[in-house]
Amino acid sequence: MKQRIAQFSLLVKDYDEAIAFYTQKLGFKLLEDTQISENKRWVRIIPPGSTEESCGILLAKAANGQQEIAVGNQSGGRVFLFLHTDDFERDYQNLLDQKIKIFRERSEEDFGKVVVFEDLYGNLWDLIEPKQ
């Protein structure tokens, strides 16, 4: 038996503002944006350098009050997403250039270089360049 996580959903307030943030500020690729119904779209993104077979993010617009409360806090305030990079300095500089909020400044850890940043809704991400 072989399994893999194909994608996961990330709650957002608005499809277009989320697409703009992830594609224009973080350089993600928009794989799909399909209208499902009047209020629902199927929006898939992946980080730069990933393939369509890689684990992707499904941007899911909050559909009710309970989901709206969870936007930006899907992990209870913990780091939620871990983005690996092959060039920490390039991507860290991009965070600064794009005025993306740094939650915890860069550091060198046993596993590599890391910085914690917030996405447009406040979800916490680790940007990590793993040690070779």
Query raised in the report: Is L96 reachable from F21 through a run of I, L, V, M, F, W or Y residues, each pair having side-chain heavy atoms under 4.5 Å apart?
Result: yes
**Report entry** CD1-CD1 distance between I57 and I45, expressed to the nearest 0.5 angstrom
**Finding:** 4.5 Å
Report task. Kindly indicate whether the side chain of L95, heavy atoms from C-beta on, has any atom under 4.5 Å from the side chain of L26. Result -> yes
Requested in this report: List the steps and the verdict of side-chain contact (heavy atoms from CB on, under 4.5 Å) for I100 and K25.
Outcome: CA-CA 8 Å; I100 294 172; K25 293 191 178 277; 4.1 Å; yes
Requested in this report: Please check if I69 and F80 belong to a single hydrophobic cluster, counting links between Ile, Leu, Val, Met, Phe, Trp and Tyr side chain heavy atoms closer than 4.5 Å.
Outcome: no
Query raised in the report: Is D86 close to R90 at the side-chain level, that is, under 4.5 Å between some pair of heavy atoms?
Result: yes
Report task. To the nearest 0.5 Å, tell me how far E32 CD sits from W42 CH2. Result -> 7.5 Å
Query raised in the report: Hey, what's the ring geometry for W125 with F28, parallel, tilted or perpendicular (30° and 60° as the breaks)?
Result: perpendicular
**Report entry** Atom pair CZ (F103) and CG (N123), whose distance is rounded to the nearest 0.5 Å
**Finding:** 12.0 Å
Query raised in the report: Would you say Q74's side chain and A70's backbone share a donor-acceptor pair under 3.5 angstrom?
Result: no
Report task. Answer yes or no: is there a side-chain heavy-atom contact under 4.5 Å between Y22 and D119? Result -> yes
Query raised in the report: So which heavy atom on K61 is nearest to which on K13, and how close?
Result: CE-O, 3.5 Å
Query raised in the report: With side chains defined as the heavy atoms from C-beta onward, is the minimum distance between L83 and P47 less than 4.5 Å?
Result: yes
Requested in this report: Give a yes-or-no answer on whether the side chains of Q7 and S9 include a donor-acceptor pair shorter than 3.5 Å.
Outcome: no
Query - Closest heavy-atom pair and its distance - L58, R44 - result: CD1-CG, 4.0 Å
Query raised in the report: Looking only at heavy atoms, what is the nearest atom pair of R41 and I19, with distance?
Result: NH2-CD1, 3.5 Å
**Report entry** V116 reachable from F111 in the ILVMFWY side-chain graph, under 4.5 Å edges
**Finding:** yes
Query - S107 vs E109, side-chain hydrogen bond (donor to acceptor under 3.5 Å, both in side chains): CA-CA, chis, key distance, verdict - result: CA-CA 6 Å; S107 63; E109 305 296 335; 2.8 Å; yes
Report task. Treat each ILVMFWY residue as a node, draw an edge where side-chain heavy atoms are under 4.5 Å apart, and state whether L30 and L11 are in one component. Result -> yes
**Report entry** Side chains of D97 and Q93, donor plus acceptor under 3.5 Å
**Finding:** yes
Report summary line: Paired with T85, the side chain to side chain contact (heavy atoms under 4.5 Å, CB included) test is passed by just one of N94, I128, D91, namely D91
Report summary line: Minimal heavy-atom distance between F88 and L127, with the atoms involved, is CE1-O, 3.6 Å
**Report entry** Presence of salt bridge, E89 and K113, under 4.0 angstrom
**Finding:** yes
Query - Same apolar cluster (I L V M F W Y, side chains within < 4.5 Å links), L10/L120 - result: yes
Query - Atom of A62, atom of V71 and distance for their closest heavy-atom approach - result: CB-CG2, 3.8 Å
Report summary line: Shortest non-hydrogen pair, A18 vs V12, comes out as CB-CG1, 3.7 Å
Requested in this report: Could you list all the salt bridge (Lys or Arg N to Asp or Glu O under 4.0 Å) pairs where at least one residue sits in residues 121-132, not counting sequence neighbours?
Outcome: none
Query raised in the report: Cut-off 3.5 Å, side chains only: do Y121 and E17 have a donor facing an acceptor?
Result: yes
Query raised in the report: Are more than 12 heavy atoms from other residues, nucleotides or ligands located less than 6.0 Å from atom CD1 of I36?
Result: yes
Query raised in the report: Looking just at side-chain N and O atoms, do Y15 and D33 make a donor-acceptor pair shorter than 3.5 Å?
Result: no
Query raised in the report: Do the side chains of K29 and S50 get nearer than 4.5 Å, heavy atoms only?
Result: no
